[in-house]
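Take a look at the structure below.
Please read these numbers as outputs of a predicted model, since none were measured by experiment. All residue numbers in this chain count up from 1 along the given sequence.
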Amino acid sequence: MASRLVSRAAWLTSSRSMYENPYVKRFKAKNKVSPDYFKQSTGLTGLFVEEHPHRALSVVYGRILRALEKVPKDSAYRKYTEQVIRHRLNLVQTELDVLKLEQKIGMGQIEEVLQQAEYELEATRAIIESKAWEPLIEKAPTGQWAWPI
């Protein structure tokens, strides 16, 4: 039995090279960019070029705005996040040039902005799940909210 397992493992490793690994193949496919696209790489490991950043950002910003509707209107998080997201969504809809859009947003490459938007969506969902706007169950200890310490 043990010899069959060893021989099977040897066959698997000998029959497949690193470049035939399904994990590597999946990310190589995701990394492909049209040859005529102005940017072939972000220069950042693990951050792939987004060929359609306007569409991707519009989708994520729309999801954030819909999620924010579940947060009370008087919540500071909703007010300020909604303000930033609406401003950026307006920029995405009005500025068609990706490089100019990057400059107007001022938060790095457009792929970084997209990643930040996805993180914000996750944060918004976490805030909704935790109901962070609700009052504390117990009174906070004296000095907990005092700053600077």
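Between atom OH of residue Tyr61 and atom NE2 of residue His87 there is a gap of 9.5 Å, rounded to the nearest 0.5 Å. Atom NZ of residue Lys70 and atom CZ of residue Arg125 lie 8.0 Å apart, to the nearest 0.5 angstrom. Here CG of Leu101 is found 8.5 Å from CG of Asp97. Values are rounded to the nearest 0.5 Å. Arg86 contributes atom CZ, which lies 11.5 Å from atom CD1 of Ile64 (distance to the nearest 0.5 angstrom). Annotation: the span from His54 atom NE2 to Leu114 atom CG amounts to 12.0 Å, rounded to 0.5 Å. Going from atom CD1 of Ile110 over to atom CD of Gln116 covers 9.5 Å, rounded to the nearest 0.5 Å.
No salt bridge links Glu95 with Lys100; every basic N to acidic carboxylate O contact stays at or beyond 4.0 Å.
Nearest approach of Asp74 to Lys79, heavy atoms of both residues: O-CE, 3.6 Å.
Across Glu50, Glu102, Met107, a single residue satisfies side chain to side chain contact (heavy atoms under 4.5 Å, CB included) together with Val113, and that is Met107.
Connection of Leu99 to Val49 is established within a shared hydrophobic cluster, with ILVMFWY side chains joined at heavy-atom distances below 4.5 Å, either directly or through further cluster members. One hydrophobic cluster holds both Leu68 and Trp133 under the rule that ILVMFWY side chains link at heavy-atom gaps under 4.5 Å. At a threshold of 4.5 Å between side-chain heavy atoms, the hydrophobic network of Ile, Leu, Val, Met, Phe, Trp and Tyr places Val59 and Leu121 in two separate groups.
With hydrogens and angles disregarded, a donor-acceptor distance shorter than 3.5 Å links the side chain of Ser130 to the backbone of Ala126.
By the salt bridge (Lys or Arg N to Asp or Glu O under 4.0 Å) test, Arg78 pairs with Glu82, sequence neighbours left out.
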Test side-chain contact (heavy atoms from CB on, under 4.5 Å) on Leu57 and Leu89 and set out the steps. CA-CA 8 Å; Leu57 280 170; Leu89 183 58; over 6 Å; no
Is there a side-chain contact (heavy atoms from CB on, under 4.5 Å) between Gln109 and Leu44 once you walk through the steps? CA-CA 10 Å; Gln109 296 182 50; Leu44 300 169; 3.9 Å; yes
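Atom CD of Gln144 sits in a crowded spot, with more than 12 heavy atoms from other residues, nucleotides or ligands closer than 6.0 Å.
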